[in-house]
Every structure is written in structure tokens, then in C-alpha cells.
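The sequence lines fix the lettering, A, B, ..., with proteins before strands; numbering per chain opens at 1.
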Amino acid sequence: DTAVSQTPKYLVTQMGNDKSIKCEQNLGHDTMYWYKQDSKKFLKIMFSYNNKELIINETVPNRFSPKSPDKAHLNLHINSLELGDSAVYFCASSLSRLAGGQLKQFFGPGTRLTVL
Amino acid sequence: DQQVKQNSPSLSVQEGRISILNCDYTNSMFDYFLWYKKYPAEGPTFLISISSIKDKNEDGRFTVFLNKSAKHLSLHIVPSQPGDSAVYFCAASEGYGQNFVFGPGTRLSVLP
């Protein structure tokens with residue numbers, strides 16, 4: 001069974017479109033994250049959700065919005081896509097430190113977004 | 001401004017020898033450090049972690065050393081195996097925050 005899954009694996013779209021990437025974890029974790037890996041291969045955190053509350057938002061444009069229908073899902077919605085949004089997006093999950101977790105994150109396989 | 005640096009983009013090591021991957025950080029508030037391994041077309045996989053109250057943590061062939069005064073940590077892999085060939089990321093966080101800062105990664109190639 002896949003622990004953290006993301007769909008789609010590849011996403012090619014035109015500038016200005018709106019798209020979503022889905023993420024699901026079956027590990028019973030209470031915190032989920034979205035990361036962006038840019039062309040220089042840096043992994044940068046975008047959001048994390050703990051028990052349906054956003055606890056980090058790292059200078060991400062408001063065109064990006066995380067949506068968490070339940071603790072096992074954290075979807076990423078992107079409006080008005082721009083060329084610079086092209087990257088690989090990773091979803092991850094973990095137990096929070098407050099829940100006694102060791103901050104060991106489990107990552108999904110990534111979604112490669114290409115904006116034309 | 002990179003808070004977590006991995007100054008060696010790549011490293012090649014002979015099978016059976018020791019691999020040493022280095023990581024430096026600038027934020028003295030970081031108190032928890034992790035290493036991840038990443039294969040192509042896959043997400044990063046957690047390898048080993050260390051908190052700032054320790055200076056060494058060992059798990060099988062993997063050992064992480066932390067030098068707080070130098071703001072430096074290293075990952076030792078002994079003995080190195082061809083399956084260890086991957087990109088290794090160092091990451092750090094502070095306090096109870098969930099904000100992980102990743103380094104740019106080091107590509108390790110273990111030659112048979």
C-alpha cells in the first residue's frame with residue numbers, strides 16, 4: 001500500500017489555467033505538507049496543515065491554496081498558472097512534535113508541473 | 001540566503017569505502033536535523049535524524065555527527081553500497097515549528 005500518494009504524476013498546462021494536485025496519506029499522520037522543488041533542485045516548504053489548520057505559509061503567492069477536506073488529504077489548488085510555477089511539487093506527511101512524532105516526514109512521489 | 005548548505009554537489013566513492021556527506025547551517029536556532037535520500041522520479045525518503053542535545057546518532061550503516069559550535073553536520077555511510085547511489089538532502093528545523101529548511105542536495109555515486 002502506498003503511504004503518501006499524489007495525482008497526477010505529470011501535469012502539462014497553459015499559462016493562466018487553474019489546476020489542482022491531490023495528495024492522500026494512509027499513515028494516520030496529523031500533519032501534511034506541500035513542497036516545491038525548483039529548477040535548482042531546492043526543496044522549499046510551501047504549506048503545512050495540522051489538524052485542518054494552516055500553520056505555515058512561506059511567502060507563497062495567494063494563487064496557491066491548500067485545501068484539506070480531512071486529515072488524510074491535502075490538495076493544492078493553483079490559480080492563474082505562470083511560467084515560473086513549473087516545478088516538481090511534493091506532498092509529505094508526519095506526526096507533529098506535539099503529538100510525539102520525531103518529525104520524520106514521508107514524501108509522495110512528486111508531481112511534475114509544466115506550464116507552457 | 002541559504003540557511004542550509006551542502007557545498008559538494010556530487011561525490012563518488014568506491015563500493016565498500018566510507019561516504020561522508022557534509023552539511024552546514026547558519027541559523028543557530030535550528031535544533032533538529034534530518035537526512036533524506038532521493039532516487040530519481042521518487043520522493044525523498046527519511047534516512048536518519050539527530051536533535052541538538054546529541055552529537056551522534058547511529059542506525060546501521062548510517063551515522064550522523066553534529067558539531068553545534070561549527071554549525072556542521074555530516075552523514076557517514078559505512079560500507080558504501082551501489083544501492084546508496086542517490087541524492088542526499090540535509091534538512092533542519094527549529095523548536096516545535098514544522099518549518100523544514102532543506103539543503104540543495106549532494107549526489108552520491110557508489111562505484112562497484
Side-chain angles (χ1 to χ4, degrees), chain A residues 2-6 9-10 21 23-25 27 29-51 53-60 66 74 88-112, chain B residues 1-10 21 23 25-27 29-54 57 59 62 64 66 73 86-108:
Chain A
T2 305
V4 182
S5 58
Q6 293 178 230
K9 192 168 175 65
Y10 299 95
I21 305 172
C23 177
E24 177 181 1
Q25 56 95 4
L27 298 167
H29 288 161
D30 61 353
T31 306
M32 295 182 72
Y33 312 79
W34 275 104
Y35 285 86
K36 178 181 179 181
Q37 186 178 33
D38 59 24
S39 56
K40 294 182 180 178
K41 304 302 182 187
F42 278 92
L43 267 168
K44 293 184 180 175
I45 192 164
M46 301 175 71
F47 304 101
S48 72
Y49 252 77
N50 179 276
N51 290 326
E53 290 186 40
L54 179 67
I55 58 174
I56 302 175
N57 185 340
E58 292 287 320
T59 63
V60 172
L74 182 65
V88 181
Y89 292 84
F90 289 98
C91 176
S93 71
S94 76
L95 286 172
S96 64
R97 277 204 203 183
L98 292 175
Q102 58 168 331
L103 297 183
K104 175 179 174 179
Q105 292 181 319
F106 291 78
F107 281 78
T111 295
R112 181 175 293 279
Chain B
D1 180 34
Q2 293 180 47
Q3 295 189 69
V4 178
K5 303 176 185 182
Q6 293 176 256
N7 292 321
S8 297
S10 62
L21 297 110
C23 177
Y25 60 96
T26 57
N27 186 346
M29 298 300 291
F30 286 146
D31 64 349
Y32 200 86
F33 305 88
L34 307 93
W35 283 94
Y36 287 85
K37 178 169 75 171
K38 186 183 181 302
Y39 293 119
E42 294 183 12
T45 303
F46 172 82
L47 206 53
I48 193 168
S49 64
I50 188 167
S51 76
S52 59
I53 61 172
K54 292 186 173 183
N57 190 23
D59 184 0
F62 303 92
V64 56
L66 175 62
L73 63 157
V87 177
Y88 289 78
F89 290 97
C90 168
S93 72
E94 63 175 276
Y96 276 87
Q98 306 291 141
N99 186 7
F100 291 91
V101 180
F102 279 73
T106 295
R107 181 176 299 279
L108 173 66

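In this structure, the portion of F90(A) lying under 4.5 Å from any heavy atom of chain B is its side chain and not its backbone. Looking at Q6(A), there are no atoms closer than 4.5 Å to chain B (heavy atoms on both sides), in backbone or side chain. Neither the backbone nor the side chain of K44(A) comes within contact range of chain B; no heavy atoms are under 4.5 Å apart.
Under the ring pair (Phe, Tyr, Trp, His ring centres under 6.0 Å) criterion, F107(A) pairs with Y35(A), Y36(B), not counting sequence neighbours.
In K9(A), the NZ atom is crowded: over 12 heavy atoms of neighbouring residues, nucleotides or ligands sit closer than 6.0 Å.
To the nearest 0.5 angstrom, T45(B) atom OG1 is 12.0 Å from Q105(A) atom CD.
For the residue pair F102(B) and L43(A), the shortest heavy atom distance occurs at CB-O, 3.5 Å.
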